[in-house]
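Numbers for residues simply follow the sequence, beginning at 1. Bear in mind that the values here come from a model prediction, so they are computed numbers and not experimental data.
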Amino acid sequence: MNRSAARGFLAFLLSVPVLQGYDDWRVTYSSSNVCALRGAMVDINCIYKYPDYVQYRPTTVRTLWFTKGDNHQPVDLLSDSDYRDRVESICGKVSCIGSRCHGTCTLRIRDLRQSDSAVYKFRFTTNQPGGEYTGDPGVTLSLTDLQVKVSFPDPTVPTWAELECHSMCGLAGDPPYIWFRNGDNVGQGVKYWAYIQSGYSFSCAVEGYKRLCSPLVYTPKTPSVTVSPSGEIEEGSSVTLSCSSDANPAATYTWFRVNTDRSFRYMNQGPQLVFKYIVSSDSGQYRCEAQNTIGKRYVDNTIDVKYGPKNTSLLSSPSGEIEEGSSVSLSCSSDANPAAEYTWFKKHEDSVKASGQNYSITNITSELGGSYYCRAHNAIGHHNSTFLIIKVRSSSSSLPAMVAVTTIGVLLATILLLVLLWMRRKRASIKACGQGGRPDTVEEPLPVSVRENVSALTNHLAPAAQREPIEEQDEPHYASIHTSRSDNQEVPRCWVGSNVQSDQADAVFYSVVNIKRPNAVPGESDKPEAAETSALYSTVKKHPRY
């Protein structure tokens, strides 16, 4: 051992506490607790001493490290299969000063595993009196991983975070730390200020052990949603949605219902959303939001609930009574998922009339009338509509009405024409009499044909059982009365009303006017004509000539 090593060893002896010993037999460990990185290498150091008896020289010493067995039957680590090729015992040369001898020994373990966490003891054996000695209570080895601890000192600036390289126990020797962002070295020290944004990942490591970096710290990656049971979702079943995301620190999950206006309704907290009895109204989009201390991400998932037809309805065009020979179109609709298919039936008939959402009947007859219904069906189930009654009206029932309308139109047109002609002749006659001249025509009563047409129209419009005799009032008639002078000159006279005046004649004559009343009711034409004729008498006075 060179001088500097000896001084260091002496300083170590003076600084470390004595953990076990009696008289001059002792084992001193550098620390009773050692923390090391998993996958790294660790050294556990000790110093042992014993008395130097001259008569037993040369002194022989055997050393070993163990974790299994006891102080009397220890299992040497060098022969333990769990540590094969990973452990090494490095012991220095024994040195004796005065009446004491001492030596050093180091246990080195490489590629540390979690199972290496244990209590390690050192034991040595000499040929001196007293023989063997084990250093109790030994050294406790703990293994740890580095972790990045994230904090936001200023909540108003969520994009800047303080990162701290942290372990579950203090690493021996307070080693220097280095920082990485997306794999690139960006700083040193226990703490590091980082700008946080999506896509960034951070880690730390002990210098010299880059391969033993801490787990990456990053915002949640896009979550994924699984639906159980898989496949189609039927109404009434139990459905569970599970959300997961790769994130460090681990993410928390929140579920929302996405409304049609893109607003959100809170559902629950946790990685699962459970529908114990799902219904058709649960169809829609659901959002899973994954969040940790660094950031958050979300994903939308659509639920499509399948259900059988319901609310099946039937419409007819045109509606109401259908005329024979025309066409009618029936339409069926139903709420179903998947979309329903349709089949048409007629009441009391088992055969299918047609398939499809629409059913048309052309050139309909009374035999085709009746009650119809449609059946909506899909893979889930089926549902029938209510009955629709189609009434067919025979086309022959409308013929008398058409004939009546046509007849009335013709009669009205004829009467109007005759009345116009009669009124025209009447005006011409009155005009001629007013001018003192002889009328070219003699005014006559309303033509018999007009009266007959009016009577016929009345008889046609009113049922025979409701017809009553029509009483006619005496109608004024117009006639020309002539008298003779001695010179045989004919003097025209116009009779308007019941007075006849002439400045050339002083005589008034009797005139007989026969008025024939028309039959008011058909079937009375066989009565004697005398009953229908009346005589009108007037006195005619003749003044003598002077």
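Interatomic distance, OG of S95 versus CZ of R100, reported as 13.0 Å (0.5 Å rounding). In this structure, the separation between OG on S331 and OH on Y342 is 8.0 Å, given to the nearest 0.5 Å. Rounding to the nearest 0.5 Å gives a distance of 8.5 Å between OG of S203 and CH2 of W179. Of the inter-residue distances, the one linking I109 atom CD1 with L141 atom CG reads 6.0 Å to the nearest 0.5 angstrom. A distance of 6.5 Å separates OH in Y83 from OG in S115, rounded to the nearest 0.5 Å. Expressed to the nearest 0.5 Å, how far OG of S366 lies from NZ of K391 amounts to 14.5 Å.
A centroid separation of 6.0 Å or more is found between the aromatic rings of Y120 and W65. Remark: aromatic rings of F264 and W255 are distant, center separation not under 6.0 Å. You'll find the ring centres of F152 and W160 outside the 6.0 Å limit. A ring-centre distance under 6.0 Å is found for F122 and Y48.
Panel note: side chain D116, backbone R110; no donor-acceptor pair is recorded below 3.5 Å. Remark: the backbone N or O of G135 is paired with a side-chain donor or acceptor of Y29 at under 3.5 angstrom. At distances below 3.5 Å, at least one donor-acceptor pair connects side-chain atoms of N127 with backbone N or O atoms of T60.
Summarising the local packing, NZ of K310 is surrounded by more than 12 heavy atoms from other residues, nucleotides or ligands at distances under 6.0 Å. Open room surrounds CD on Q73; 12 or fewer heavy atoms of other groups in view lie less than 6.0 Å from it. Atom CG of D85 is surrounded by 12 or fewer heavy atoms from other residues, nucleotides or ligands within 6.0 Å. The number of heavy atoms from other shown groups lying within 6.0 Å of NZ (K149) does not exceed 12. Sparse packing is recorded around CD of E341, with 12 or fewer heavy atoms of other residues, nucleotides or ligands lying under 6.0 Å away.
Salt bridge status for E289 with R297: absent, with no side-chain N to carboxylate O gap under 4.0 Å. Using a cut-off of 4.0 Å between Lys/Arg side-chain N and Asp/Glu carboxylate O, R393 and E323 are scored as salt-bridged. No salt bridge links R84 with D82; every basic N to acidic carboxylate O contact stays at or beyond 4.0 Å. The pair D300-R287 meets the salt-bridge criterion, since a charged nitrogen lies less than 4.0 angstrom from a carboxylate oxygen.
By the 6.0 Å and 45° rule, K347 stacks over the aromatic ring of F387. Judged by the 6.0 Å distance and 45° axis criteria, K221 is positioned over the aromatic ring of Y218. Remark: R375 is positioned above the aromatic ring of F345, its terminal NZ or CZ atom under 6.0 angstrom from the ring centre and at most 45 degrees off the axis.
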* Please step through side-chain hydrogen bond (donor to acceptor under 3.5 Å, both in side chains) for the pair S327 and T362, ending with a clear verdict. => CA-CA 4 Å; S327 298; T362 59; 5.1 Å; no
* Could you give me the CA-CA distance, side-chain angles and deciding distance for L330 and L388, then say whether side chain to side chain contact (heavy atoms under 4.5 Å, CB included) is met? => CA-CA 9 Å; L330 306 180; L388 177 67; 3.6 Å; yes
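The SG atoms of C204 and C213 sit 2.5 Å or more apart. Checked against the 2.5 Å cut-off, the SG-SG distance between C46 and C105 does not fall under it.
At a threshold of 4.5 Å between non-hydrogen side-chain atoms, the residues L107 and L77 count as touching.
Evaluation of the salt bridge (charged side-chain N to carboxylate O under 4.0 Å, His left out) rule for D43 yields R108 as partners, not counting sequence neighbours.
Of the residues F256, F275, Y253, the one that meets the ring-ring contact (aromatic ring centres under 6.0 Å, His included) test with Y286 is F275.
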